[in-house]
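Reviewing the structure listed below.
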Amino acid sequence: MAHIDAGKTTTSERILFYTGLTHKIGEVHDGSAIMDWMAQEQERGITITSAATTTSWQYCGDMYKINLIDTPGHVDFTVEVERSLRILDGAVAVFCAVGGVEPQSEAVWYQADKYHVPRIGYVNKMDRSGANFFEVLQQIKNKLGSNPCPLQIPIGSEEKFCGVVDLVQMKALYWHNDSDCNGASYSVEKIPIEIVSEAEHWRIKMLEILVEMDDALMNKYFDDPSAITEDEIRRIIRKGTLTMKINPVICGSSFKNKGVQPLLDAMCAYLPSPMDSAVIEGVHPNNFKKKITRNPDSSAPLCALVFKIATDPYVGKLCFFRVYSGKLEAGSYVYNPRSGKNERISRLFQMHSNKQNPMEYIGCGDIGAGIGFKDIRTGDTLCDESNPIVLESMDFPSPVISIVIEPITQKDLDKLGLGLSKLAEEDPTFTVKTNEETGQTIVSGMGELHLEIIVDRLKREFNVDCNQGRPQVSYREAITKAVKWREVYKKQTGGRGKFADIIVCIEPVDQNFNGDLQFVNEVKGGNIPKEYISSIQKGFFRAMKNGVLGGYVLDKLKVTVIDGSYHPVDSDQLSFEICAIQAFKNAVEKAGPVLKEPIMKIEVVTPDGNMGDVIGDLNKRRGRIESVDITRLGSSRLIKAYVPLSEMFGYVTILRTITSGRATSTMSFSHYEEVPVLISKTVLMETKGRVDLIK
């Protein structure tokens, strides 16, 4: 996990090569990376969807099995990090030796904190100009509030970076520049004389961090630091990592094939295995207060969590899951507590990026994928029907940006609906809805790049070309004063005619009225029969759907029927309904009609240093700042404001720009407010509305 372009996929490709899973190193820059299998990933050189694989590495004579997930770094695809951290036991946080702790580094670090995931740090790109391992160490401590424990220091930096000093065994590791071996071989030598004192200085710093976690080791350190053995150091590093009291940090240059093997050793030595996990806690599906536990044991009842749904063009819909207890066999039935139904998983696979390797079963602690199910969603628990359990699901951020899409040709309408439903099922941060007022199909996601990729996938995978546009704002209309009006509807075409006569008063609704149409009947003496009164009400209710300014819905209206007349032959219900519609149009024009716009309640969490820029930007958007509070973390500010929706399109992109991606925002509908006159006239000119009625 890391900020975008820190080198996650490059590091993953080296891991696959050195563990023997692949026989050629794939590169991100030329589109040959195995873990970046999507066409969009290969074209853009970024990771979009998390790719899973399984490999093994020999460490200290034992063979370790490693389930690896390479996650995206772009903030638009943060859900991939979220669901991966939920089901994995440990994480490698990759930092750029030049950029240090970047904005998205902070975001993924706090996500790992939320799920209590132990992690080790890997400072990559030590060969780059401006690389500074020790500066990154300081940033990890200050910006992330963690306790970094350096296990290595670099030998040289920038173009002179050639190896590392292992502070645990106090040896120098040199990688050979032979292009044929791709960095697969390295030599362990004595520490160069010119950096011995620096290495000893950092070893003491490492020991000072470690001995604080063990009293026996502390006593030994004060008596004779040289008496502390390598095994004791590794034991305490592992203990501190698992309890999240420290974060071991090592360094390297993945692109130059230096430092990846010690990273694999550190993963095996210090990150937790599934057996290190405490008992898995869940609740009973019929009683959420009843706690249930499972041991990470293959002989225990099945318990697995689905963390991803994907569609493969050849095998169909895949569900990715992590088995916490028991084992899942191909062709077996599993129970889904959410739906209350049994699902048959016909085939099982161990994933290698987008390739499926068939498996007879997926064991405890492993990650696999299955097909053949009917109703399984992201976050579902799969278990044994006789031993049901529901595991804690995942928290997914709400979409923050929306666009309107429509197929270029009408014949693609059904294909568009099918494609959108499949993509929404795969990605919980992508939503689709139809605006009932405008009839537009609105898709929402985590950012402009996210939605751009969605539209691209619709074209490539579902053969649907789409037009895109900004969503229309759902304006409302309202009246500001009372008007008394008489409307006579008379039509004679030979034979039975049409006649209706009503006198009404229209005005804004009473203050305590909650509905749309406040209808009052004050007709006396039977001047209008009762059966026609309901038609008048129906006519006004229908007319409110299309206001007189721009055809927008009239927000609220009070109608009082004062008097009228009817014809015993020519009057009927339809006549009075049409009469009411005409009365509405004519009277509302005289009642001071105004345009109203949706006002959104927005909350922005931003670092202290960016608070002035964020508030200034909100003010430019006609925002009204309500409060500025200190967040729970203390280093950020929570800004609460009310801003018109029409000013908020593209806001997330601007917010990320002015805060370097550090700020987050949430937005929800609050209420409607009258639009300023100048803006009202601009809106009505664009929609060819009645500008002349705005005073």
Side-chain angles (χ1 to χ4, degrees), residues 1 8 11-23 25 34-35 50-71 84-85 87-94 112 117-122 149 151-152 164 166 168-169 173 182-186 188 230-244 246-250 252 254 257-278 280 295-298 322-325 327 349-353 357 359 361-368:
M1 61 178 198
K8 296 177 299 300
T11 305
S12 298
E13 293 297 318
R14 270 68 184 169
I15 289 174
L16 300 186
F17 178 75
Y18 296 139
T19 57
L21 198 61
T22 59
H23 303 289
I25 296 177
I34 291 168
M35 300 301 269
S50 55
T53 190
T54 301
T55 187
S56 55
W57 178 250
Q58 190 168 12
Y59 172 70
C60 291
D62 294 322
M63 191 61 78
Y64 286 77
K65 186 176 184 180
I66 300 172
N67 288 311
L68 178 78
I69 293 186
D70 174 30
T71 62
S84 299
L85 285 170
I87 54 96
L88 290 180
D89 297 309
V92 176
V94 183
V117 177
R119 70 218 78 141
I120 57 180
Y122 174 61
C149 179
L151 307 187
Q152 297 174 352
V164 299
D166 186 326
V168 177
Q169 56 181 342
L173 278 57
N182 290 311
S185 66
Y186 62 94
V188 180
E230 288 181 27
D231 289 341
E232 286 176 317
I233 293 174
R234 289 195 174 96
R235 178 179 61 82
I236 297 302
I237 294 172
R238 181 174 177 79
K239 176 185 174 184
T241 307
L242 297 188
T243 55
M244 295 174 62
I246 65 165
N247 299 110
V249 182
I250 59 177
S254 297
N257 307 316
K258 296 172 182 174
V260 179
Q261 295 94 331
L263 173 62
L264 279 161
D265 289 342
M267 288 160 61
C268 297
Y270 309 127
L271 288 181
S273 87
M275 299 304 132
D276 290 315
S277 306
I280 298 97
N295 291 315
D297 186 354
S298 296
R322 153 80 188 266
V323 177
Y324 284 94
S325 67
K327 66 178 182 179
F349 304 104
Q350 192 175 75
M351 298 302 295
H352 176 47
S353 188
N357 300 319
M359 301 289 289
Y361 70 90
I362 303 294
C364 178
D366 273 338
I367 290 171

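Between the side chain of Arg322 and the backbone N or O of Ile87 there is at least one donor-acceptor pair closer than 3.5 Å. Looking at Asn247, its side chain does come within 3.5 Å of a backbone N or O of Arg119 through a donor-acceptor pair. Without hydrogens or angle criteria, Arg238 side chain to Leu271 main chain gives a donor-acceptor distance under 3.5 Å. No side-chain donor-acceptor contact under 3.5 Å links Asp62 to the backbone of Tyr59.
We find the CD1-SG distance between Ile280 and Cys364 to be 6.5 Å, quoted to the nearest 0.5 Å. From Tyr64, atom OH reaches atom CG of Leu264 across 12.5 Å, with rounding to the nearest 0.5 Å. Taking CG of Leu263 as the start and CD1 of Ile250 as the end, the distance is 4.5 Å to the nearest 0.5 Å. Rounded to the nearest 0.5 Å, atoms OH (Tyr186) and CG (Leu173) are 5.5 Å apart. To the nearest 0.5 Å, the span separating CD on Gln350 from OG1 on Thr53 amounts to 7.5 Å. Interatomic distance, Lys65 NZ to Ser273 OG, rounded to the nearest 0.5 Å: 12.5 Å.
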Step by step, work out the side chain to side chain contact (heavy atoms under 4.5 Å, CB included) result for Ile66 and Cys268. CA-CA 8 Å; Ile66 300 172; Cys268 297; 4.2 Å; yes
Test side chain to side chain contact (heavy atoms under 4.5 Å, CB included) on Val92 and Thr11; report intermediate values, then the result. CA-CA 10 Å; Val92 176; Thr11 305; over 6 Å; no
Test side chain to side chain contact (heavy atoms under 4.5 Å, CB included) applied to Ile15 and Trp57, step by step: CA-CA 9 Å; Ile15 289 174; Trp57 178 250; over 6 Å; no
Any chance you could lay out the side chain to side chain contact (heavy atoms under 4.5 Å, CB included) test for Ile367 and Leu88, step after step, and finish with the verdict? CA-CA 9 Å; Ile367 290 171; Leu88 290 180; 3.5 Å; yes
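By the 4.0 Å N-to-carboxylate-O rule, Arg234 lies too far from Asp265 to be salt-bridged with it.
In terms of heavy atoms, Ser56 sits closest to Thr19 at O-CB, 3.2 Å. Between Gly363 and Lys327, the closest heavy-atom pair is CA-CB, 4.0 Å. The minimum heavy-atom distance between Asp276 and Pro272, with the atom names listed, is OD2-CA, 3.5 Å. Nearest heavy atom pair, residue Ile69 against residue Ala52, reads CG1-CB, 3.9 Å. Nearest heavy atom pair, residue Met359 against residue Phe349, reads CG-C, 4.0 Å. The two residues Pro296 and Pro274 come nearest to each other via the heavy atoms CB-O, 3.7 Å.
Side-chain contact between Asp89 and Val117 is absent, with no heavy atoms from C-beta onward closer than 4.5 Å. You'll find the side chain of His352 reaches within 4.5 Å of the side chain of Leu16, heavy atoms only. Using a 4.5 Å heavy-atom threshold, the side chains of Val188 and Asp166 count as separate. Counting heavy atoms from C-beta outward, Tyr270 and Leu151 have side chains that approach closer than 4.5 Å.
Looking only at atom types and distance, the side chain of Thr54 has a donor-acceptor partner in the side chain of Asn67 under 3.5 Å away.
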